[in-house]
> 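There's a structure below that I have some questions on.
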Protein chains: 2
Amino acid sequence: MKADKISELTTNRLSIYLRCLNELAHEGRKTVSSDRLAKRFHLNSAQIRKDLACFGEFGVRGVGYYIEDLREQITRILGLDHHHRVAIIGAGRLGAALTDYYGFRQTNFEVAALFDADPDKIGSLISDVRVFDVKDFAKIVKKEGIDVAVIAVPAEYAQKVLEEIVDAGIKAVMNFAPTPLLADDDIKLKTIDLTISLESLSYFLARPGKNGRE
Amino acid sequence: MKADKISELTTNRLSIYLRCLNELAHEGRKTVSSDRLAKRFHLNSAQIRKDLACFGEFGVRGVGYYIEDLREQITRILGLDHHHRVAIIGAGRLGAALTDYYGFRQTNFEVAALFDADPDKIGSLISDVRVFDVKDFAKIVKKEGIDVAVIAVPAEYAQKVLEEIVDAGIKAVMNFAPTPLLADDDIKLKTIDLTISLESLSYFLARPGKNGRE
DNA sequence: TCGCGGTGTTTCACACTTGAAACAATATGA
DNA sequence: TCATATTGTTTCAAGTGTGAAACACCGCGA
């Protein structure tokens with residue numbers, strides 16, 4: 001197929017498939033068919049084949065997929081074979097929790113620096129990561145070879161911080177501030193808005209009987 | 001309109017509108033039209049009117065919306081005028097960070113109890129919240145009047161924890177474990193999967209020139 | 001009283017995603 | 001050799017969300 005317009009939904013599913021394959025590999029299985037994979041993990045077999053076909057032909061007709069091989073392929077497609085260095089802006093509780101977040105290490109991301117404007121925090125260590133003055137952001141980014149930024153500051157500062165991030169040449173940003181941010185099209189910006197999720201739960205609790213799954 | 005099938009996308013937008021109104025109210029404005037709101041916050045005016053019309057007639061023709069009034073209405077619709085008591089299962093770093101998360105207080109959620117299986121943690125206090133043995137979950141839930149649960153345990157335990165949560169009679173669950181969970185239709189389950197978001201950034205960085213906004 | 005501005009509502013076209021179905025192609029094993 | 005299993009690919013229908021357009025209705029101020 002080799003479509004060049006890959007939906008983010010597709011790559012999200014690749015993440016899921018990768019986890020499923022890891023589980024199967026852990027059990028010692030060698031091959032799996034899209035049908036078995038779908039039945040086991042409540043997925044859709046046609047979708048699995050379509051998603052994978054976007055990136056090449058990884059299966060063997062009549063057999064299925066070699067689990068080890070497919071794991072490597074998906075790992076490569078998702079870029080998980082590359083190392084990334086992360087800056088977290090905002091050394092509050094969220095920033096500190098994220099510094100320790102196991103998911104970063106798991107996905108080959110390394111928290112290389114924290115940034116804050118609070119003089120009491122600047123210079124300190126959080127989980128062995130140094131807190132720098134946000135004024136020195138661009139300089140440290142260059143020196144440390146940072147290519148990913150995480151926004152963990154209050155909503156009112158988020159847009160300004162994002163602009164500094166972009167000015168420093170970073171293209172991939174994860175935003176935890178509860179506000180939509182504006183950025184150019186060549187910047188990959190993912191916003192994780194916990195407040196919206198909470199208010200969605202609140203809405204559900206306020207009107208029993210109706211539902212919606214995310 | 002009074003449609004009874006409200007999309008979650010609609011309620012998510014209500015959350016956004018509420019924030020915008022808060023900002024406007026803070027500036028001392030009294031009324032706002034859907035057009036001004038849309039232009040100011042990069043929204044779509046037709047969508048705003050449609051979303052609001054799902055729940056009643058809040059505007060005044062020829063005038064727009066009274067900001068204070070609309071804030072109250074949306075607050076009521078989203079159930080933010082009700083207090084909720086939250087249990088966090090998993091007293092690790094993520095659980096601890098969430099216990100302190102300001103967004104909970106902001107949305108009228110109160111973290112009432114933490115749960116863990118680690119004897120070293122049970123009985124301790126984290127930000128003034130007691131850590132209980134997860135074995136006592138149902139008992140404490142009843143005693144403390146808890147109606148919302150947050151899953152902050154490793155992925156392999158998440159499904160089991162969810163079942164205990166459901167058995168305890170809780171209907172609203174937020175899951176931070178990086179795995180899709182299965183639950184009945186009458187349970188509101190929101191999964192925040194940071195790993196998928198990270199892998200999405202990784203994919204983007206691995207293939208420069210292509211993009212996608214979440 | 002009249003015109004302007006803005007809501008409430010309907011309608012339509014477009015895009016995207018999903019899931020099913022069908023089928024050719026092709027390894028494997030009997 | 002041949003049946004079977006399963007991929008890779010195309011096609012189609014259904015559902016959902018978006019955004020524009022049109023317009024009736026109505027409050028306000030001139």
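We name chains A, B, ... by the order of the sequence lines, and we start the count at 1 in each one.
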> As an exercise, state the distance from CD1 of B/Ile165 to CG of B/Leu181, rounded to the nearest 0.5 Å.
9.0 Å
> Listing request: all ring-ring contact (aromatic ring centres under 6.0 Å, His included) pairs with a residue in residues 67-89 of chain B, at least two apart in sequence or in separate chains.
B/His84-B/Phe109
> Atom CD1 of A/Ile48 to atom C1' of D/dT9: distance rounded to whole Å?
16 Å
> Just how far, in rounded Å, is C1' of D/dG8 from CZ of A/Phe55?
15 Å
> Answer yes or no: is there an ion pair linking B/Arg93 with A/Asp100, defined by an N-O contact shorter than 4.0 Å?
yes
> Any carboxylate oxygen within less than 4.0 angstrom of a Lys/Arg side-chain nitrogen, looking at B/Asp35 and B/Arg49?
no
> Between C1' on C/dT7 and CG on B/Asp69, what's the gap in Å once rounded to a whole number?
14 Å
> Using whole Å, what does the distance between atom P of nucleotide C/dT26 and atom CD of A/Glu57 come to?
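Rounded to whole Å, this separation is 9 Å.
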> What string of B, S and - do you get for nucleotides 20-30 of chain D 5' to 3' if you count protein non-hydrogen atoms under 4.0 Å?
B---BBBSS--
> In whole Å, I'd like the distance from the CG atom of A/Leu52 to the P atom of D/dT7.
10 Å
> For the pair B/Phe115 and B/Phe132, name the ring-plane relationship: parallel under 30°, tilted 30 to 60°, perpendicular over 60°.
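Answer is tilted, since the angle falls between 30° and 60°.
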> Distance-only, no hydrogens or angles: does the B/Asp116 side chain make a donor-acceptor pair with backbone N or O of B/Gly90 under 3.5 Å?
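Not at all, since once roles are kept as given, no pair shorter than 3.5 Å links the two residues.
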> At a cut-off of 3.5 Å, list every protein nitrogen or oxygen paired with a nitrogen or oxygen from nucleotides 14-17 of chain C, distance to 0.1 Å.
{"from": "C/dT17", "atom 1": "OP1", "to": "A/Ser7", "atom 2": "OG", "distance (Å)": "3.0"}

> Any chance you could measure A/Arg13, atom CZ, to A/Ser7, atom OG, to the nearest 0.5 Å?
6.5 Å
> Give a yes or no on whether a salt bridge exists between A/Lys30 and A/Asp69, defined as a side-chain N under 4.0 angstrom from a carboxylate O.
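Here A/Lys30 does not pair with A/Asp69 in a salt bridge, since their nearest N and O are not under 4.0 Å apart.
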> How many whole angstroms separate atom CZ of B/Phe58 from atom C1' of C/dG8?
12 Å
> Report the distance from atom NZ of B/Lys188 to atom NZ of B/Lys171, rounding to the nearest 0.5 Å.
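If I round to the nearest 0.5 Å, the distance is 14.5 Å.
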> C/dT7, OP1 or OP2 - any side-chain N/O from B/Ser34 closer than 4.0 Å?
yes
> Measure from CG on A/Asp35 to P on C/dA20 and round the result to the nearest Å.
11 Å
> Just the rounded figure in Å: distance from P of D/dT7 to OH of A/Tyr17.
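Spelled out: OH on A/Tyr17 to P on D/dT7 is 12 Å.
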